[in-house]
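To keep things clear, I will list the structure first and then write my remarks on it.
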Amino acid sequence: MRTVIAEDSVLLRAGLTKLLETTGFEVVAAVHDATALLAAVEKHRPQLVIADVRMPPSFTDEGIRAALVIRRQWPEAAIMVLSQYVEERYAADLLATQTTGIGYLLKDRVADLDVFLEALRRVAAGGTALDPEVVAQLLLRRQDRPTDWLTAREREVLSLMAEGRSNAGIAECLVVSESAVAKHINSIFTKLDLSPAEGDHRRVLAVLRFLEGAGAAERS
């Protein structure tokens, strides 16, 4: 899988490169800033892009802005964004452009290699992977919305859905049956007014129900 890495930390960039190359990924470029990232994507047309949110020169949002450009110009590339802190506005901005092949994780997740690699492969296959800390922040901050109607267990299920987990994966995490998970998910769909006609896409839409207002709230 052709992969481009954009990370200003020399040590993390080298570590990611070594990790991916030893687990079946082909790292075609590893760069340190957003300008080099866009040039590398244009040249190599990777299947997967891993980008830091904050990169030179200002260390604010260069990485996420580059990711948004990549979404527009090379939509076939899956994107995994890494961030030092929870910045849910960026997750909302990124998901607003397209809901497939997108991931947003805290850098701490890289330390858990199995979880990180699973998330990368899920995103590369067209799925989503949101950091549970981002989801937790969103659920705590948003008030007077349909997500407030969810039970504690439904919020847990929604958080795991946001991470991109399957029904079986959610059942394993919560130590419940898959049928129980299916019932919770159907209840979530009903409370968030997601019709059966929207099919499997409802899983992403359910997540977007509480993401869609976060970016606007942060910008206001």
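Summarising the geometry, atom OG1 belonging to Thr60 is positioned 10.5 Å from atom CE belonging to Met55; distances are rounded to the nearest 0.5 Å. Separation of atoms OG (Ser9) and CZ (Arg54) is listed at 15.5 Å; rounding is to 0.5 Å. Rounded to the nearest 0.5 angstrom, Ile5 CD1 and Arg13 CZ are separated by 9.0 Å. Separating the OG atom in Ser83 from the CG atom in Asp61 is a distance of 11.5 Å, to the nearest 0.5 Å.
Counting heavy atoms from C-beta on, the side chains of Arg121 and Phe116 never come closer than 4.5 Å. Side-chain contact between Leu48 and Arg2 is absent, with no heavy-atom pair separated by less than 4.5 Å. Here the side chains of Leu120 and Ile50 are in contact, with some heavy-atom distance below 4.5 Å. Met161 has its side chain within reach of Ile185: a pair of non-hydrogen atoms, C-beta onward, lies under 4.5 Å apart. Counting heavy atoms from C-beta outward, Leu19 and Leu117 have side chains that approach closer than 4.5 Å. In this structure, the side chains of Pro46 and Val41 come closer than 4.5 Å at one or more pairs of heavy atoms. The closest side-chain heavy-atom distance from Thr128 to Val123 is not below 4.5 Å. In this structure the side chain of Val115 never reaches within 4.5 angstrom of the side chain of Leu105, judged on heavy atoms.
When hydrophobic clusters are built by joining Ile, Leu, Val, Met, Phe, Trp and Tyr residues whose side-chain heavy atoms come closer than 4.5 Å, directly or via intermediates, Val81 is not grouped with Leu16. Under the 4.5 Å side-chain heavy-atom criterion for grouping Ile, Leu, Val, Met, Phe, Trp and Tyr, Met80 is not connected to Leu38 through any hydrophobic cluster. Leu82 is not connected to Leu68 by any chain of hydrophobic side-chain contacts under 4.5 Å among Ile, Leu, Val, Met, Phe, Trp and Tyr, and they are in different clusters. The hydrophobic cluster containing Ile79 does not contain Leu20, counting ILVMFWY residues as joined when their side-chain heavy atoms lie under 4.5 angstrom apart, directly or transitively. Tracing side-chain contacts under 4.5 Å through hydrophobic residues (I, L, V, M, F, W, Y), one reaches Leu130 starting from Leu106; they form part of the same cluster.
Here the closest non-hydrogen pair linking Ala129 and Ala119 is CB-CB, 4.0 Å. Summarising the geometry of Val31 relative to Ala40, their closest heavy-atom pair is CG1-CB, 4.5 Å, with the distance given to 0.1 Å. Pro56 and Glu62 make their closest contact through O-CG, 3.7 Å (heavy atoms, listed as atom of the first residue, atom of the second, distance).
Shown here is His32, whose NE2 atom has no more than 12 heavy atoms of other residues, nucleotides or ligands within 6.0 Å. Atom CD of Glu21 has more than 12 heavy atoms from other residues, nucleotides or ligands within 6.0 Å.
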Legend entry - Evaluation steps, side-chain contact (heavy atoms from CB on, under 4.5 Å), between Val49 and Trp74: CA-CA 11 Å; Val49 173; Trp74 300 284; over 6 Å; no
Inset, instruction - In sequence, state the C-alpha distance, the side-chain angles, and the governing distance for Ile102 and Arg71, and then conclude on side-chain contact (heavy atoms from CB on, under 4.5 Å). - result: CA-CA 10 Å; Ile102 286 290; Arg71 284 273 88 172; 3.3 Å; yes
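Looking only at distances, a side-chain donor or acceptor of Asp33 sits under 3.5 Å from a matching main-chain atom of Ala36. Looking at Arg45, its side chain never comes within 3.5 Å of a backbone N or O of Glu76 through a donor-acceptor pair. The closest donor-acceptor contact from the side chain of Glu26 to the backbone of Gly24 lies at 3.5 Å or more, if one exists at all.
A salt bridge links Glu156 with Arg153; the closest basic N to acidic carboxylate O contact falls under 4.0 Å. Taking the charged nitrogens against the carboxylate oxygens, Asp131 and Arg109 do have a contact shorter than 4.0 Å, which makes a salt bridge. A salt bridge between Glu7 and Lys107 is present, with a side-chain N of the basic residue lying under 4.0 Å from a carboxylate O of the acidic one.
Of the N and O atoms on the side chains of Glu154 and Ser187, at least one donor lies less than 3.5 Å from an acceptor on the other residue.
For the pairing with Val157, the side chain to side chain contact (heavy atoms under 4.5 Å, CB included) check across Thr151, Leu174, Leu150 returns one residue only, Leu174.
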